[in-house]
Every structure is written in structure tokens, then in C-alpha cells.
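Nothing here was measured: the structure is a model prediction, and the numbers come from that model. Computation of the quantities below employed the complete heavy-atom set of this structure, encompassing side-chain atoms and omitting hydrogens, waters and symmetry-equivalent molecules. A, B, ... follow the sequence lines: proteins, then strands. Residue 1 opens every chain.
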Amino acid sequence: MPYTIHEIKKIEQKWQEYWRTHKVFEASSDTSREKYYVLEMYPYPSGKLHMGHVRNYTIGDVIARFRRMQGCNVLYPMGFDSFGLPAENAAIKNNVHPRAWTDQRMNDMVAQMKTLGLSYDWTRFLYSHSEEYYRWNQWIFIQMFKQGLVYRKKALVNWDPVDQTVLANEQVIDGKGWRSGAEVEKREIDQWFIKITAFTEDLLADLDKLENWPERVKTMQRNWIGKSHGTTINFDVLDAGGNKIDELQTFTTRPDTVFGIEYVVLAPEHPKCREWVKGRDHEQDVLDFIASMDKESLIDRMGEGREKNGRPLGVFARNPVNGKVVPLWTADYVLMDYGTGAVMAVPAHDQRDYLFAKKYNLPISVVIRPEDVAELKAEDMTAAYVEPGIMVHSEQFDGIGSTEAITKISEWMEEQGTGERTITYRLKDWLISRQRYWGTPIPIYYDNDGNPHPVPESELPVKLPDDIEFGKGNPLQTSESFRYYTDPDTGKQYRRETDTMDTFFDSSWYYIRYTDAQNRNEIFSKDMANYWLPVDQYIGGIEHAILHLLYSRFFTKFFKSIGLVETEEPFFRLLTQGMVLLHGEVMSKSKGNVVDPDDIIKKYGADSMRLFILFAAPPEDQLEWNDQAIDGAWKFLGRIWSLVEKRYQPTDEFVDPSKFDKDDKDIFREINAAVKKVGEDIQNYKFNTAISCLMILMNNLDKYEVDEAKPHKQALFNHIAQTVVLLLVPFAPHMCEELWEKLGHSDCAALTTWPEFDEKALELDEVEVIVQVNGKLRARVTVAADIAEDALKEICLAQEHVKTFVDGKPIRRFIYVPGKLANIVV
RNA sequence: GGGCAAGUGGUGGAAUGGCAUACACGUUGGACUUAAAAUCCAAUGACCGUAAGGUCGUGUGGGUUCGACUCCCACCUUGCCCACCA
């Protein structure tokens, strides 16, 4: 049978069918076995698999197949993150139901996945929009509600005044609604928040325990949490006549600069702005300024280097450390949701304050000088001096270092009662309300006083209704059947919450549902969750490094806190795979540079595509797609195919090392070394070198000659061919099943035990030693592996070529790295 | 601005203190063929040399070391993430 694409297609279908009917990849619930849980981030049903998916899943499949052959009980499931905006947009555009649109795409993608030969346990298939899944979203929400971890708060949304609907950020294009083209407005509405900040310290501290996560992902999470140590300072607020009217707190990480405060500035959204200007001269001016801020999106307003704008409030603050009275301002560069929403401004030592002071002609006073400058003058400065230095004009703190002053001043302020050391985080609570249809309905109803109550758990799921209209405000509000909740006991009707949940909620716990995906009575059984968790190997794109992984970690910690799971962290080991590029650019539909996996499978089959993807680059690196290079993978598989077809002969002989000649020994050592290396490389994600090792072995096996007079050689050949086939199973599973069968086996290669290697067979009698003179290669000698250093030295010095370079000069040193290298220093 | 990652032949990459460029793609030459494809064999960093062989060579400059792609310092370039976070 020749190695043609026609044959390959038949073989791939044959074994996919075999695996399915023999339930080869179904995970066992036998908790006494050693488990291994491999998971890829479940995809959004976008319609078609792209090469990034193929790469992601191929990597996972190699790991799953490897662990299975090592004897582990492997859980390797797949599902879909199937709620979300695109389905709803498509519904509006094409007048189809989001469910129909989504189901169609899911089915198409599952069919594609099956052609890749991925070893998923399809009995655990799940998707977010099934009632059996999202009912547990609602259940979790209610548990959080009971624990006081959800609350309502006003928050700004993008409002399209023509379509009468809330827009997601990505639906706002140049400040206009994506469909109506109308100018988008900001509106404040009540929305649901989850108190992820209740777990901030755990989320931060436990990053240190994640030894098998990439450092950069942990760094990104740390930065996102953004812990900073500083001081909260209390100011009295005075009117123009010097009468105290209120108090204000600011947060700073630079208490060493407090003697340089020249003004205090509030975020425009700060409620005190409106309060304090009421009835004063500047009132209208300030209110207009605040209103202009609302129009601008936060993204437009923020950004380093942007010109800063502000207005004086006409009231003043008294600096508690020196009694100095400074003006209060509001400015666009201050953020309401960080610190206290108010900042003490020190133009001399903060670049933002410096630029602002220059623009509005505010004074600048220096309180820290560089160590090598006797006096730093404000008028000489062209930028703020932000480095550490020596304290000046700071009363009793003059002369000490500014770093030391941070501690000294904050201690002193605490004693005086004028300030307090505080810790501030960048991490904010998670806004989960979406004024959307295609998501999990928030299981809440409101009593006549407007107080929220959770829907009783027995009433779950709160199902998505079908009698909805799109493009007329929040879709769930258009549903007659949904809008009102009827109390099952009293028959009274109440208004339902019509917002749905952020889809990040769905993806924050799906990996636990897989452990017991068909459970209809509870979210999952604790036994199953505790057996399978944590996920041993999680694989996905770096784009999820922050939000998805942080939310998942939060859910796991929440589940632990209510006794549902024992693990503190969901993902033991994380691999972030690199992107697939074509001509140095990310493949995308808009650029028209997409390589369709279906086309590659048609031409080469799944095995060649998988092998190329794994061989072309290490998994974490970017991968440059190359239509030509895939020929190499095809050729390699073809050579193994014909090697087995042409040269495998059943024999009654055994592999007998006592009969080995040098060729036998060499190839036997090589196969043992390959078993060792391929196993190690797979565990270290070095699939490319694992494959190259198999290619080298294959090249040598091709040259290895059997001899009818020495029948043990055929036995050795058979042994090596079998081992190569097994080592290749994770990479090219279909062809290996076929070859395994050709090699006379009736069992399934995918469930065969991974080969073991013989440590003794790796030992060498003779080694080649590199001989250097002054670090430069001059000769190589073959010597006994256990040669003594003195004996080796003599051999080295006797080499003609070495003699020329030593040239009678005295030998200063002789360095011998056993079995590898000798260096003669003259 | 901050953080992280990377920089090696014509190309993807290998080597993480010890033979730089494994393996593969491509290219060139050869075998097979009426021919082509497929397949197989050989060559393939640059320069000098008929050859043996030599010199140079892993972004740039310095350092440590018997020995540096690898470690240290400074810089350049590219990519990614965060970014007016007080």
C-alpha cells in the first residue's frame, strides 16, 4: 500500500472511527488511579477553526496522549464558550436566533476537531448556553449573593440614543454607535458587581506558589492587582475666608514630598466637586468642565502625554504638615477609582503635577535636591525631579535621604494624627452586568421597594426567553414572558432583573464542570472535583493572561471558601502558546492571509499538519507558517511508512545483546537515548527537538543493515521500528495506529505503554574527546570512556596537529572535561 | 514611561559554560525517467588556499573565564503586555 494522500485519508478516518467506537479516550472515574488533567481554553464558536486553534489543540493532544501511554487516567475534554456578543450581532443583522447561529457554528467546529484526531473525551462536552450549564452560573451567583460578594452600584455605560440600547465598548466606533451612527452618550445605571477585591491578597500572594506558570503571566497579574504602599493624608477644606467647611483625604506613595504640596486636585467625578462649588463664583464653569469629561470616554481621556486640563474649585486645603493653604482643583488626569480619587500635587517632584502647574501658572517648590547638586531651583527645572535625593525645605527632615524620609515622615504623620500608612490596589471589583440577551440571566427579582432578592434555587434555571425583540433596548425587557417573576408560594408578581452576566463568568469555572459534566443534581460532585483538580496542564493564548486566569483563580478560591473544592489554585501548570503567523503577520480574515486547516488536511492529512506545527517552533514562540516546509513532515512520515512496509519481517528471534556487533550496539544505544530524550522533551514542551531526535533515529535506522546470516538483526530492527512508532504516537497518531497494526499488534497503540529505556544501554565504551589548544579546536581523539587524565594528556600532546600549535611552548594548564573535551593552555 | 520576551546561515530553528549552525525547508549538482513528478545520493556560513588547512563569524561595545550564542554591565533593534495608578 503506497503512502498517498488517498490512503492517508482512509487511514485517518478508520482510526478516528475506531477510537470513537471503542471509547478509547473516555476518562475513568476510578479515583484510585493516578490522574492527569489536560485542558485547552475552550473556544468561542466563531465558525471555523483557524491555525491558532489547531496549534493549541495539537499541543494539548500530544500531552494527553503521552500521559495516557504513561499509564495515567487522563481527563482531556472540550467545549464551547458559546455566549457572547457576536451571536447577538448576527441575530440583529441576519434575523436568525442567536441559538441557531451558535449551534450551527459549534457543530461545524466539532466536525473539524474530529478530523484532527484529537483525543477528547466527548462524553464531557459542554457549552455555556445550555440550560444545564448556565443554571449553575445562576446558582453560583446566588451563593455569592448569600456571602455578600455581589452588590449593586451605579456605573457608566455607553448609551445609543437612537437604538435606545447600551453598547459594549467594541460597538462604539469613533464615539458613534456601530449600527445607528448616533453620537454615543454616557449614562449612569445600577449594575451588578462581584467583590473580587475580597480576595485580592490571596490572589496576589498565591501567585508565588504557581511555580509552573510563565513568569510573565504572573508579572502581568501582579501589575494588574497593582499593590502599592503609601500614606493617606488628611486635609481640612477651607472656604475663601479661611473657614473650615469639610475634610478630604488623599493617597500618596511619596510622603517625602508633602512639604512641597502646591495644590490638591480631585477627579472630575468626585462628588465633592459639585458640592463645594455650589453657590460659588466658578460653579457654572466647573460644572461645564465636569460635563465635558462625561462625554469623553475614559480611554480618550487617559493616556500619558495628553494635555492636562482642570479648573480651580474656589476652595482651599490646609497642608497638615506645615499649615500651608493651597487651592483645590479638579483635573482630568486624576482617576476617581484609584486611591481616594484625590491627589496632593507636588509640581517639583511629579511630572504630571509639574506639567499642570506650568500650564496654569501654579507655584513650584523644591523639597528634594539631587545629591550632587547644592541647590535645585524651580526656575531652572524643565521637568519634575522624581529621583531620590536629599530633603530640603522640609523642616526637621532637612538633610536626610528622601528614601529614609518616606518612612520617617509617614511615622511622624501617624503620631500627629495627620496621616496613616495605607495599602492601595489597582484591582477593582468586577462589573458583570450586561444589557444583552445572549448570556446567563441574572437570577434576581425586585420587591415593590426595589430591593433585590435571589430567585429560589428550586426555580433555577431562569431560562432565556424566546419572545424577544432586538434593537429595542435591553432585549430581555421586551419579553412579556420574562419580565415578571411570580412567587411560587404567594403568586405575587415581581419585576425581574433583565441584565445578563459577563461571559467571563461562564469561563471562570467550566474546568470544574468537566470533572462531572453530566451531573444534573449538583454543580459537580466534590469527589470528582477533588480527584481531578487542579488542572495539571492548561494551555491557551497569552491574551487571557490577565482577566480569564484571574477570574478563574478567584472562583476557585471562592469555591474553596464555601467548601466546594479543596484546591486553592485551578491551574497547576500553564503554557501560553505563541501565535501562528504568515509572512510575519498574524493571520486574520481582514488581512486575507488565512491558511485554512481544512485545505492542509485535504492535501497532507492531519498527521502531517500536526507534525509540522509541532516541529516548526517551540510552542511558546511565534510560528511562521510555511507551505513548503510541511512537505518535510509529509516526507518524514512517508519514509517511516515505507521503512516498515519494506523491511519489517516477523521473526522468532529475540533482541540478544550478547550477539551485538558495533552497528547493533550503536543503533541500540540510539533507540534507548531516543526513548529518554523524547519523553523528557515532551514533558518540557520541547516537541520540536523530540521530533528532530526521531528524524535522526529514522535516518540511521534507514542505514542499518539486516543480514540473513544473523537473524538477531531482524529482531533488533523490528524492536526499533516498533519503538519509533510508539514514540511517534502522540505526534502522528493515525499513521502510528496503522503501522502498529502492520507490526502485528491487535491492541490500540494509543493505549499501549510508553517504552522504557535501559540506562545501561546508554553507556559508551569509547568516547570522542575534543582537543583544544587555547580554546580552539585542533584535534579529536577516540579513547576509552574511563581513561585517566594523565593518559589522555599524553595522547593529546602526541597529536600532530596539536604539536604544531603547542610548538614547544610551556603548558600552563591542562583542562579535562571527562568524556567531552580537553583544553591545553600554553 | 514601566514591565516582559526575543535578536544565531537564504528560511524555520538546534546548542543555556565545552565541536556554533543539529533537524528540517530552500537552493545547486547528480542518479532514476522518453520527459516530468515522486523518490534516492551529494554539496550548501563568509573569506583565503590547488590542497592540507587557516582566519573570521551568534544585534553592538565592554567584562568575567582555560573556554561565552550561553554568565555580568552598558547600549541598539523588534515584538508583546500595561500605561496620567498619585
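Contacts of A/Arg780 with the nucleic acid, taken as non-hydrogen atoms under 4.0 Å apart, include base atoms. Residue-level contact check: A/Val343 touches the bases, meaning some heavy atom is under 4.0 Å from a base atom. Nucleic acid contact class of A/Lys703 (heavy atoms, under 4.0 Å, all strands): none. Within 4.0 Å of A/Ile770, counting heavy atoms only, lies at least one base atom of the nucleic acid. Counting any heavy atom pair closer than 4.0 Å across all strands shown, A/Gln622 reaches sugar-phosphate atoms only and no base atom. A/Asn688 comes within 4.0 angstrom of sugar-phosphate atoms only, judged by non-hydrogen atoms across all strands, and of no base. Across all strands, A/Pro618 comes closer than 4.0 Å only to sugar-phosphate atoms, never to a base (heavy-atom distances). Here A/Asn699 lies in heavy-atom contact (under 4.0 Å) with sugar-phosphate atoms only.
Side-chain N/O atoms of A/Arg426 include one lying less than 4.0 angstrom from OP1 or OP2 on B/rA83. For A/Lys686 and B/rA15, the shortest distance from a side-chain N or O to OP1 or OP2 is below 4.0 Å. Under 4.0 angstrom from either OP1 or OP2 of B/rC4 there lies no side-chain N or O belonging to A/Arg222.
With both pairing distances under 3.5 Å, B/rA5 is matched to B/rU78 as a Watson-Crick or G-U wobble pair. For B/rU33, there is no paired nucleotide, since no Watson-Crick or G-U wobble pair has both relevant distances below 3.5 Å. Partner assigned to B/rU44 is B/rG26, using Watson-Crick or G-U wobble distances below 3.5 angstrom. Under the Watson-Crick or G-U wobble criterion, with both distances below 3.5 Å, B/rC19 is left unpaired in every strand shown.
The separation of B/rG59 from B/rA68, taken at their C1' atoms, amounts to 16 Å, rounded to a whole angstrom. Using C1' as the reference atom, B/rU11 and B/rG17 are 29 Å apart when rounded to the nearest Å. Of the C1' atoms belonging to B/rC66 and B/rA24, the separation is 36 Å, rounded to the nearest Å. B/rU70 sits 13 Å from B/rU65 when the C1' atoms are compared, rounded to a whole Å. Between B/rU58 and B/rA22, the distance separating the two C1' atoms is 15 Å to the nearest Å. Nucleotides B/rG57 and B/rA46, compared at atom P, are 16 Å apart to the nearest Å. Taking the C1' atom of each, B/rG13 and B/rG63 are spaced 30 Å apart, rounded to whole Å. Separation of the C1' atoms belonging to B/rG67 and B/rU16 is 15 Å when rounded to the nearest angstrom.
If you find the closest nucleotide of RNA chain B to A/Asn823 and to A/Thr252, the one lying nearer the 5' end belongs to A/Asn823. When the nearest nucleotides of RNA chain B are assigned to A/Thr689 and A/Arg216 by heavy-atom distance, the more 5′-ward of the two goes with A/Arg216.
When each of A/Leu266, A/Val264, A/Val343 is paired with A/Thr250, the side chain to side chain contact (heavy atoms under 4.5 Å, CB included) condition holds for A/Val264 and for no other. A ring-ring contact (aromatic ring centres under 6.0 Å, His included) with A/Phe612 holds for exactly one of A/Phe687, A/Trp625, A/Phe636; it is A/Trp625.
In this structure, of B/rC81, B/rU55, B/rA22, it is B/rC81 that holds the atom nearest to the side chain of A/Met220.
Note that the CG atom of A/Leu248 and the NE2 atom of A/His270 stand 5.5 Å from one another [nearest 0.5 Å].
Across all their heavy atoms, A/Lys308 and A/Lys359 have their closest contact at O-NZ, 2.9 Å.
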